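Labels below follow one simple rule: chain letters A, B, ... track the order of the sequence lines, proteins then strands, and each chain is numbered from 1. Predicted model only: the values in this text are computed from it and were never measured.
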Amino acid sequence: MTNDSFPSGVRSRPISSQFLILKTTALFVLWILLSASFDWIHLGLGLVLSFTVAWVNSGHSPFVPKFRLWGNILFYLPWLFVKIVQSSLHVSKLILHPSLPIDPRLINVETNLGHHGAVVLLGNSITLTPGTITAEVDRNTLIVHALDEVSEQDVTSKSIESKIAAMFKDEEPDL
Amino acid sequence: MKIFLLCVLVLLALLIGAYLYRVLQGPTIFDRVLGLNGISTKAILLLIVIGMYFERVEMFVDISTGYALLNLVGALAVAKFLEQRGLP
Amino acid sequence: MTFALEFTLLILLLVTAAGAIFVKDLISAVLLLGCYSFFLALVWAWLGAVDVAFVEAVVGAGLATVLFLLTLFGTAPKDNRLRRPPPPMAAVIALPLLGILLLYAANDLPEFGDPGSPASVHISPTYLEQSYSDTRTPNVVTAVLMDYRSLDTMVETVVIFAAGIACALLLRRQTS
Amino acid sequence: MEVMSIICILAGLFFLIVAAIGVIRLPDVFSRSHAVSLTDSLGAFLVLVGVALHEGLSPSMLKIIAVLALLYIQNPVIAHATVRAALRAGLKPWKKEAS
């Protein structure tokens, strides 16, 4: 299966066997979780089906994180969770305050991350944190809607970005 | 425990009412989409708590997984539609 | 006590249905129908009909919404506005009367979950007791649909497949 | 364990109620989406963790964790898609009047 059918502007990577194996494994785990039966028939059928689905859908394989990066992301999640709890409490305080002291604004955030995966992770983290939401992404520029001054400082202080940049420093930039 | 879970269920259903107000009232179409997303998250939670009430969580979790996956498809379809079509 | 949740859900259903009728533009009506399916599926799940709830969620909230939106994609933007004449007076009078008649008829139905009702003594015990040894399918509903009534289901699937192909042909984008 | 799960569910309900109030009170789409993301990220998490604690270690607990992961992956995507569509449709964010 070649990628000739893509228009010339769209960059697409060739099918990597690594990505195929990863996708098959993920689908197979989902199959086991949903079927919860361990007969040979069910397991074999699941394996065949998940491989087929992964093969058919492997037109443009996205970036596959290395094993090291997976570990980093796993350690990043608890830190993000603490961040989420902090800003949730702040937003709850704002909403329950009788006079509703919000001051919404749109801010432009320039990042130095030169990597697709890193920008996606950054945008998702910003959206997942209450009080800030990513409204538009264009390569390295993010437009973020923030609920008030404190939420804005969450993004402009670049604490999330520096964390992600440290995780992705070994990857070669592709943006 | 059963009484507590029933209270949780009724409270969740009443909270859905708040989102439904937003869907019905919402000045723009995006408010309605937002309310729909909130409702579907609440529906997932309600299903799992119903499963806990009947003590058969394993059966209800399957449906809520299906809900969650479908919710993604529906919400992205609506967002794509509105992006191409603009404000009605 | 357990009626509290049912009442809340049913009131939400009524409000959503009325809203879907009275709302101004079609996209909002489609979204409200999605809400309606969510609530209906919750009611089914609360009554214990998990399979029906699953089908309602998949078809009503997922597929129907996407198909309605695809249809709206295919129409001109100005057709998205709903221009509805006010309902005729006869309908306003006749439909509530019909509803009261139906409620009166439903009075004679057996209680919910009554073990002596005709539905639970006629053939259901046979299915419940023998379906696993007959078919080796762990889910009774699946066993009834796919094994005991498999021909019926197959023809239904053919109909749905034909309808799907017709929809795909109608909604096909012109590539030129 | 039972007490822990009840505490978790109650805490989750608190955030859900706050989010519902926010959805009604806040002035425009952009700020309302913050309230919705509050529910999705913390309220649902706490309620589901409460149910998982009640279940104990079992396949259904794994399934609940799978639902949780699904919510955490898809909710930012949906919120971002909606807000981006709103921004591209030309909606202006609500501003506090200069007083």
Proximal component of B/Leu76, with respect to chain D [non-hydrogen, under 4.5 Å]: side chain
D/Ile6 side, atom CD1; B/Leu5 side, atom CG - distance, nearest 0.5 Å: 8.0 Å
Between B/Gly51, B/Ala18, B/Gly38, the one whose heavy-atom pairs under 4.5 Å with chain D are most numerous: B/Ala18
Residues of residues 58-67 of chain B with a heavy atom under 4.5 Å from any heavy atom of chain D, in residue-number order, are B/Glu58, B/Val61, B/Asp62, B/Ser64, B/Thr65
Pairs of heavy atoms under 4.5 Å with chain D: top-ranked of B/Leu14, B/Ile48, B/Val49: B/Ile48
Pair count under 4.5 Å, heavy atoms only, with chain D: among B/Val78, B/Asn71, B/Ile16, highest is B/Asn71
Is it the case that B/Ser40 and B/Asn37 place a side-chain donor and acceptor less than 3.5 Å from each other? no
For D/Ile24, is it the side chain, the backbone, both or neither that has a heavy atom under 4.5 Å from a heavy atom of chain B? both
Please classify the contact of D/Ile17 with chain B as side chain, backbone, both or neither, using a heavy-atom distance under 4.5 Å. both
Under 4.5 Å from any heavy atom of chain D - which part of B/Ile44: side chain
Under a 4.5 Å cutoff for heavy-atom pairs, which residue among D/Gly12, D/Ala81, D/Ser60, D/Ala86 has the most contacts with chain B? D/Ala86
Out of curiosity, D/Thr82 OG1 to B/Phe30 CZ, how far, rounded to the nearest 0.5 Å? 8.5 Å
D/Phe14 versus D/Val18: any side-chain heavy-atom pair under 4.5 Å? yes
Between CG on residue B/Leu12 and CG on residue D/Leu13, distance to nearest 0.5 Å: 5.5 Å
Which answer fits D/Arg32, side chain, backbone, both or neither, if we ask what part of it has an atom under 4.5 Å from a heavy atom of chain B? both
Approximate separation, where rounding is to 0.5 Å, of B/Thr41 OG1 and D/Ile78 CD1: 7.0 Å
From B/Ile39 atom CD1 to B/Leu34 atom CG, the distance as rounded to the nearest 0.5 Å: 10.5 Å
Residue pair D/Met1 / D/His54, side-chain heavy-atom distance below 4.5 Å: no
Residue from D/Val47, D/Leu10, D/Ile9 passing side-chain contact (heavy atoms from CB on, under 4.5 Å) with B/Val8: D/Ile9
Residue list, side chain to side chain donor-acceptor pair (under 3.5 Å) with D/Gln74, at least two apart or on another chain: none
Under 4.5 Å heavy-atom distance to chain B, tell me which part of D/Val51 shows up: side chain, backbone, both or neither. both
Is the shortest heavy-atom distance from the side chain of B/Pro27 to the side chain of B/Arg32 under 4.5 Å? no
